[in-house]
Amino acid sequence: MNGATPVPGPTMIMGVAGSASLVERRFARSGPNTVVAGQWPDRVIGAQDVVVLDFESLLAPYETGFARTVAVGDHPARLRLIHDLAVVATAARDVFRADTAITGRALHTEVQAMAAKADRALGAWHVGRLTSTAPATHAETTRLEAFISPENTRPLRRTVEEGWRAHWILEIRLVDECMGHAAVHTELLDLV
């Protein structure tokens with residue numbers, strides 16, 4: 001890239017609740033690195049890039065997550081991706097609020113339909129999870145009732161096995177398959 005040397009993305013070092021250890025994790029990723037979850041290679045943020053800011057590590061002691069996506073520059077397709085994500089996330093919250101008996105499957109179906117209407121694909125097998133549930137990349141290794149996914153036929157408003165009211169994190173990842181970028185929206189679904 002014009003002779004630029006890739007530098008590590010922004011990192012944060014934080015204490016883990018109840019522990020003296022420190023966790024180091026990048027909280028920004030850009031371009032094609034927005035499509036993949038987990039660790040990603042170093043990359044210089046470009047002048048017309050999509051950047052995901054993920055503060056999951058910062059909020060880990062509170063068992064929640066928060067992520068937003070921004071577009072650097074004025075690239076129309078990237079700005080539209082950010083706009084589409086905001087529309088889908090707002091509509092998902094409205095659907096959740098309007099139906100007190102909604103299941104994980106029903107909300108996932110609604111979000112998938114909204115994404116398709118915007119000519120987007122979902123970038124994950126789920127669109128949210130219970131607070132205190134670790135992010136998951138594969139459905140086969142998780143408790144499916146802890147995710148807003150096609151497999152979760154239980155009402156989202158319920159009492160969980162531990163005896164507390166279920167609280168949910170909305171996690172929507174929209175992918176622009178032509179450009180190879182994704183936009184991510186993560187926040188508490190039912191307490192905001």
Going by salt bridge (charged side-chain N to carboxylate O under 4.0 Å, His left out), name the residues that satisfy it together with [X], two or more places apart in sequence or in a different chain.
X: R80; value: D84
X: R158; value: none
X: E145; value: R143

Can you find a pair of side-chain heavy atoms, one from [X] and one from [Y], that are under 4.5 Å apart?
X: M114; Y: V95; answer: yes
X: E151; Y: H126; answer: no
X: L107; Y: L189; answer: yes
X: F96; Y: L156; answer: yes
X: L130; Y: I169; answer: no
X: V51; Y: V72; answer: yes
X: L122; Y: V175; answer: no
X: Q48; Y: D74; answer: yes

Considering all heavy atoms of both residues, which atom of [X] and which atom of [Y] are nearest to each other, and what is their separation?
X: G104; Y: I148; value: O-CG2, 3.5 Å
X: A71; Y: L79; value: CB-CD2, 3.7 Å
X: T186; Y: E171; value: CG2-CG, 3.7 Å
X: A92; Y: I172; value: CB-CD1, 4.1 Å
X: T131; Y: L188; value: CG2-CD2, 3.6 Å
X: A182; Y: T69; value: O-CG2, 4.3 Å

Exercise. Output all residues satisfying side-chain hydrogen bond (donor to acceptor under 3.5 Å, both in side chains) with N152, sequence neighbours left out; order by chain, then residue number.
Key: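 With sequence neighbours excluded, N152 shows a side-chain hydrogen bond (donor to acceptor under 3.5 Å, both in side chains) to no residue whatsoever.
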Quiz prompt | By side-chain hydrogen bond (donor to acceptor under 3.5 Å, both in side chains) - contacts of Q112 (at least two apart) | solution =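 Result, side-chain hydrogen bond (donor to acceptor under 3.5 Å, both in side chains) vs Q112: none returned.
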Quiz item: Is V88 reachable from I102 through a run of I, L, V, M, F, W or Y residues, each pair having side-chain heavy atoms under 4.5 Å apart?
Solution: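 Linked within one cluster.
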Practice problem: Apply side-chain contact (heavy atoms from CB on, under 4.5 Å) to D94 and list each qualifying residue two or more places apart in sequence or on a separate chain. | Solution: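 D94: side-chain contact (heavy atoms from CB on, under 4.5 Å) contacts with T90.
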Quiz item: Do any pairs count as a side chain to side chain donor-acceptor pair (under 3.5 Å) and have a residue in residues 101-111, sequence neighbours left out, and if so which ones?
Solution: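 Pairs touching residues 101-111 that pass the test: none.
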Exercise. Answer yes if the side chains of H181 and D176 hold a donor-acceptor pair under 3.5 Å, and no otherwise.
Key: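 The criterion, which ignores hydrogens and geometry beyond distance, is not satisfied for D176 and H181.
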Exercise. Output, in order, the C-alpha distance, side-chain angles, deciding distance and verdict of side chain to side chain contact (heavy atoms under 4.5 Å, CB included) for L81 and R120.
Key: CA-CA 8 Å; L81 176 63; R120 305 290 182 196; 3.7 Å; yes
Exercise. Kindly state whether the ring of F147 and the ring of W125 have centres lying under 6.0 angstrom apart.
Key: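 Here the rings of W125 and F147 have centres that are less than 6.0 Å from each other.
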Practice problem: Quick one: pull up CZ in R157 and NE2 in H167 and give me the separation to the nearest 0.5 Å. | Solution: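 One gets 11.0 Å once the value is rounded to the nearest 0.5 Å.
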Practice problem: Hey, could you give me the CZ/CH2 distance between R165 and W168, rounded to the nearest 0.5 Å? | Solution: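 The CH2 atom of W168 is 12.0 Å from CZ of R165, to the nearest 0.5 Å.
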Quiz item: Can you check side chain to side chain contact (heavy atoms under 4.5 Å, CB included) on E187 and R93, steps first, answer last?
Solution: CA-CA 10 Å; E187 71 178 351; R93 178 179 302 288; 2.4 Å; yes
